[in-house]
> 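This is the structure I want to talk about, given as structure tokens.
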Amino acid sequence: MTEEVFRSGFVSIIGRPNVGKSTLLNKVVGHKVAIMSDKPQTTRNKIQAVLNGPSGQVVFIDTPGIHKPKHKLGQYMREVALRSLAEVDLILYVVDASAKFGAGEEYILASLEGIDTPIFLILNKLDKVHKDQLISLIKAYTSRREFTQTIPVSAKTGENTEKMVSLIWEYLPEGPRYFPLDMVTDQPERLLMAELIREKALYQTKEEVPHALAVVVEQVEQRPENTVYVSAGIYVERDSQKAIIIGKQGNMLKTIGSLARQDMEALLGSKVYLDLWVRVKKDWRQQDRDLRLFGYVHE
Ligand code: GDP
Ligand code: MG
């Protein structure tokens, strides 16, 4: 007898404004939209919603900054966005099937060059187009690059959206339930903060400890004077990895903490006091129960 695996992963929804990204997400997740953080999140992915299935979980994230930059910060955000697109499990590139192929789409396609993440081309607003028009539009897109799947949908009527979801599941790796089923509202920020720390740790250590690293944000507390106290732990599997993360005289950990804190402050719009520590926890990846503890576990 084969045991059914639990699948989970991060899916980034990209596309020009007004193509129907939000409508599509609402259609797919429906009233089950468990989380929506309305705080401005300037530099990182915004977690939009979680879809819980019988044997898996999809975390939909919005990747701001894919559009043509209008200013310097835009350029920076673009780089961050592109990096994050390389890290998600799947990209849904949503386009308006009732609109002509234009310069905005050229720009996004150029941005996607060199990204190996599977990409679904989602042609939305199917209810507004004739078949002939749809076929020639699909040609226009697919002649520019290969897509993992090409799926016409209507977010408005729901046509073909279930098919899209079933295909999404197929491209997710085996993984933990990142979010509890009864999501509470401060969870997405915790997860995001954990992700920030993890990103800094991996980057600063030049990925010397790649798969063995998890971050859990244990405590988030509002303090006076617009300060937020955050206590977070970096978990590794071996003492040697712990030594790398801590660094000479604790310098590595200081750098990681300081960079993560700056991003958290941008995320939360307040000052952050970050209490960051490192702990060795052998074989945490095997310990399913403990996985739930981790805000972000990504391999
Ligand atoms: P976003 O900017 O990409 O998030 O786009 P929105 O979800 O806000 O949708 C932009 C507009 O397109 C809204 O007026 C939606 O009602 C409309 N829209 C979205 N999906 C569809 C669709 O499948 N069919 C039609 N006819 N309109 C849609
Ligand atoms: Mg929107």
Side-chain angles (χ1 to χ4, degrees), residues 10-51 58-71 74 77-78 80-82 84-85 88 90-112 115 117-138 140-142 144-145 147-168 188 192:
F10 292 79
V11 176
S12 185
I13 303 179
I14 64 166
R16 295 174 55 225
N18 281 321
V19 296
K21 299 182 294 297
S22 303
T23 312
L24 184 63
L25 188 66
N26 282 337
K27 189 76 197 174
V28 166
V29 183
H31 63 278
K32 282 185 232 145
V33 173
I35 51 164
M36 292 273 191
S37 175
D38 54 9
K39 293 225 177 68
Q41 296 175 8
T42 47
T43 59
R44 285 295 298 184
N45 302 316
K46 178 176 170 181
I47 295 159
Q48 290 188 305
V50 174
L51 176 65
V58 190
V59 182
F60 288 102
I61 60 179
D62 182 24
T63 307
I66 187 92
H67 311 294
K68 200 161 186 152
K70 292 200 180 77
H71 41 65
M77 283 178 67
R78 184 177 143 75
V80 174
L82 293 179
S84 76
L85 286 181
V88 295
L90 178 67
I91 297 167
L92 300 184
Y93 170 32
V94 183
V95 303
D96 183 344
S98 70
K100 285 214 176 75
F101 183 92
E105 304 299 350
E106 290 279 16
Y107 185 80
I108 292 180
L109 284 167
S111 303
L112 293 174
I115 287 177
T117 310
I119 305 175
F120 287 6
L121 174 66
I122 308 294
L123 300 117
N124 187 35
K125 309 199 185 182
L126 183 56
D127 56 291
K128 274 173 81 177
V129 286
H130 288 289
K131 217 174 198 169
D132 297 346
Q133 196 186 338
L134 182 66
I135 289 167
S136 67
L137 193 69
I138 288 175
Y141 281 97
T142 53
R144 276 157 176 97
R145 77 162 289 144
F147 292 97
T148 312
Q149 295 284 347
T150 299
I151 313 167
V153 300
S154 169
K156 194 178 176 183
T157 66
E159 189 176 354
N160 227 19
T161 55
E162 274 177 31
K163 171 80 182 160
M164 182 188 82
V165 172
S166 68
L167 286 168
I168 290 174
L192 213 49

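The figures here come from the full heavy-atom set of this structure, side chains too, leaving out hydrogens, waters and symmetry mates. Note that the coordinates shown come from a computational prediction; the quantities given were computed from them, not determined experimentally. Just follow the structure's listing: the first ligand is 1, and inside any ligand the first atom is 1.
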> Which atom pair, heavy atoms only, marks the closest approach of Leu137 to Ala99?
CD1-O, 3.8 Å

> Purely on distance, is any nitrogen or oxygen of Pro17 under 3.5 Å from one on ligand 1?
no

> Using a 4.0 Å cut-off to any heavy atom of Asp127, which atoms of ligand 1 qualify?
22 (C), 23 (O), 24 (N), 25 (C), 26 (N)

> Counting only nitrogen or oxygen atoms and a 3.5 angstrom limit, does Leu126 reach ligand 1?
no

> To check you understand the geometry: which heavy-atom pair defines the closest contact between Ser154 and Asp127, and what is its length?
OG-OD1, 2.7 Å

> For residues Pro152 and Thr150, report the shortest heavy-atom separation together with the two atoms involved.
CD-O, 3.9 Å

> Which ligand 1 atoms are under 4.0 Å away from a heavy-atom of Lys21?
1 (P), 2 (O), 3 (O), 4 (O), 5 (O), 7 (O)

> Within a distance under 4.0 Å of any heavy atom of Asn18, pick out the atoms of ligand 1 and give their elements.
1 (P), 2 (O), 3 (O), 5 (O), 10 (C), 12 (O)

> Just one of Ile119, Thr117, Ile14 clears the side chain to side chain contact (heavy atoms under 4.5 Å, CB included) bar with Leu85, so which one?
Ile14

> Provide the number and element of each atom of ligand 1 under 4.0 Å from a heavy atom of Ser154.
23 (O)

> Would you please test Phe101 and Tyr141 for ring-ring contact (aromatic ring centres under 6.0 Å, His included) and show each step?
CA-CA 8 Å; Phe101 183 92; Tyr141 281 97; 4.8 Å; yes

> For Thr23, take its heavy atoms, then give the atoms of ligand 1 lying under 4.0 Å from any of them.
6 (P), 7 (O), 9 (O), 15 (C), 19 (C), 20 (N)

> For residues Lys125 and Asn18, report the shortest heavy-atom separation together with the two atoms involved.
NZ-O, 2.8 Å

